[in-house]
Amino acid sequence: MKIDIFSLSPDGTELYYSLYEDTGDTVYSFSLEDGIEKGVVTADSAPVDMSYYSPRISPNGRMLAFTAVSEESQDSSLFEYELFLLNIDSKEMKQLTDLHASVQSPAFFHNEQKIAFLYQHNRPSQPEQYRLMTVDLESGEPAEISIEALPQSEGGQWFLRALDLSVNSGTIGLLYTLLLVALTLFTRQRLQKIFLPAFVSLGLTIIVFISSFAAAAMMDPWAGIALVMLSAGMMVYTILVFLFALITKLVKKRMMQ
């Protein structure tokens, strides 16, 4: 079982959360007064078969916002996560967004009929790029909030910014390649097996690629896609190291002639 993010009701008497079970995700409420748990959104009460993520209760305690895979993308390999709104009393559900990407982290405005959320517009590309958006509950009109317009924190952030720029997929790939190159030189000198690091990296790449299918079937299709992309990068670095080892061996052979 996996419990998603908690949301507390305005009067502080109930917790709302989604619970992942064998059949999928169900949104539950748990009474802090009498300890009773009950399903708020289940397969029986929902118009389509879906899983529910990041449930958020409205300030008046009558509406529940959550993200879920849209009905249109249920049968596709690339799931699209949209924002939905449920009337807890009538069980009426409606889809608020139609952005065809990934909507996350909904949050109700306290004094307006709006919900704020994060929208990953470049999914499934890496690194993720998010936009802060809102949607009007009555008209359904989305609007983007400029991040530059938000208050900026004071004080120097040069270290965190430098860390953010340096820690990325390119840097990690470069470090991985340099490590394999160093191991190649070491094994050539000590073990006389210059291609050993390249073959080890190839084996790891195959394991990661095979694991992507298990991750997609048992966890989330996006986890499988991420592992496929990781294995593709590892294959590129492995080929580079193999070429380096081959060139090094040929150069050494020529020098010995």
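The residues of the chain are indexed from 1 along the displayed sequence.
Of all heavy-atom pairs between Leu32 and Leu8, the closest is CD1-CD1, 4.1 Å. The shortest non-hydrogen separation linking Ile194 to Arg188 is CD1-CD, 3.5 Å. Summarising the geometry of Ser201 relative to Tyr176, their closest heavy-atom pair is OG-OH, 2.7 Å, with the distance given to 0.1 Å. Residues Lys249 and Phe195 approach most closely at CD-CE1, 3.8 Å, considering heavy atoms. Contact record, Ala101 with His121: CB-CA, 4.5 Å, taken as the closest heavy-atom pair. Scanning both residues, Ser231 and Thr205, for their nearest heavy atoms gives O-CG2, 3.3 Å.
Under the 4.5 Å side-chain heavy-atom criterion for ILVMFWY residues, a single connected hydrophobic cluster contains both Phe108 and Tyr119. Under a hydrophobic-cluster definition in which Ile, Leu, Val, Met, Phe, Trp and Tyr are linked whenever side-chain heavy atoms come within less than 4.5 Å, directly or via other members, Met229 and Phe79 are assigned to the same cluster. Under the 4.5 Å side-chain heavy-atom criterion for ILVMFWY residues, no single connected hydrophobic cluster contains both Leu174 and Val181. No continuous path of ILVMFWY side-chain contacts below 4.5 Å connects Leu240 to Leu246, so the two sit in separate hydrophobic clusters. Grouping the Ile, Leu, Val, Met, Phe, Trp and Tyr side chains by contacts below 4.5 angstrom, directly or via other members, places Met63 with Val135.
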| field | Test log, rule side-chain contact (heavy atoms from CB on, under 4.5 Å), inputs Asp89 and Arg62 | value | CA-CA 7 Å; Asp89 297 326; Arg62 298 175 58 188; 3.9 Å; yes
| task | Using the side-chain contact (heavy atoms from CB on, under 4.5 Å) rule, take Leu243 and Ile239 through it: C-alpha gap first, then chi angles, then the decisive distance, then the call. | result | CA-CA 6 Å; Leu243 292 175; Ile239 293 174; 4.2 Å; yes
| said: Does Gln120 form a side-chain contact (heavy atoms from CB on, under 4.5 Å) with Gln129? I'd like the steps, not just the answer. | reply: CA-CA 6 Å; Gln120 184 188 341; Gln129 296 178 7; 5.8 Å; no
| query | Does the side-chain contact (heavy atoms from CB on, under 4.5 Å) test come out yes or no for Ile247 and Phe242, once each step is laid out? | reply | CA-CA 9 Å; Ile247 293 173; Phe242 180 84; over 6 Å; no
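Note that the CD1 atom of Ile206 and the OG atom of Ser211 stand 11.5 Å from one another [nearest 0.5 Å]. We find the CD1-CG distance between Ile210 and Leu227 to be 12.0 Å, quoted to the nearest 0.5 Å. Rounding to the nearest 0.5 angstrom, the gap separating the CG atom in Asp98 from the NE2 atom in His100 is 3.5 Å. Summarising the geometry, atom CD1 belonging to Ile207 is positioned 8.5 Å from atom CE belonging to Met234; distances are rounded to the nearest 0.5 Å. To the nearest 0.5 Å, atoms CD1 (Ile57) and CG (Leu86) are separated by 8.5 Å. One finds the OH atom of Tyr237 at 11.0 Å from the CG atom of Leu178 (value rounded to the nearest 0.5 Å).
Within the 4.5 Å cutoff, the side chain of Thr177 has heavy atoms near those of the Val241 side chain. Using a 4.5 Å heavy-atom threshold, the side chains of Ile115 and Thr134 count as separate. The side-chain heavy atoms of Leu99 and Val103, taken from C-beta on, include a pair separated by under 4.5 Å. Between Gln95 and Leu85, every side-chain heavy-atom pair lies at or beyond the 4.5 Å cut-off. Counting only heavy atoms from C-beta outward, the side chains of Leu118 and Arg131 never approach each other to under 4.5 Å. Residues Thr97 and Pro142 fail the side-chain proximity criterion, which asks for heavy atoms closer than 4.5 Å.
Using modelled atom types and a 3.5 Å distance limit, the side chains of Tyr130 and Glu128 yield no donor-acceptor pair.
A 6.0 Å sphere centred on CD of Gln192 holds more than 12 heavy atoms belonging to other residues, nucleotides or ligands. When the shell of 6.0 Å around CZ of Phe209 is examined, it contains 12 or fewer heavy atoms from other residues, nucleotides or ligands.
Scored by the side chain to side chain contact (heavy atoms under 4.5 Å, CB included) test, Leu196 finds Thr187, Leu191, Lys193, Val200 as partners (sequence neighbours excluded).
Ring geometry for Phe84 versus Phe66: interplanar angle under 30°, hence parallel rather than tilted (30 to 60°).
Side-chain rings of Tyr16 and Tyr28 stay apart, their centers remaining 6.0 Å or farther from each other.
If you run side chain to side chain contact (heavy atoms under 4.5 Å, CB included) between Phe30 and each of Glu37, Lys38, Glu14, only Glu37 comes through.
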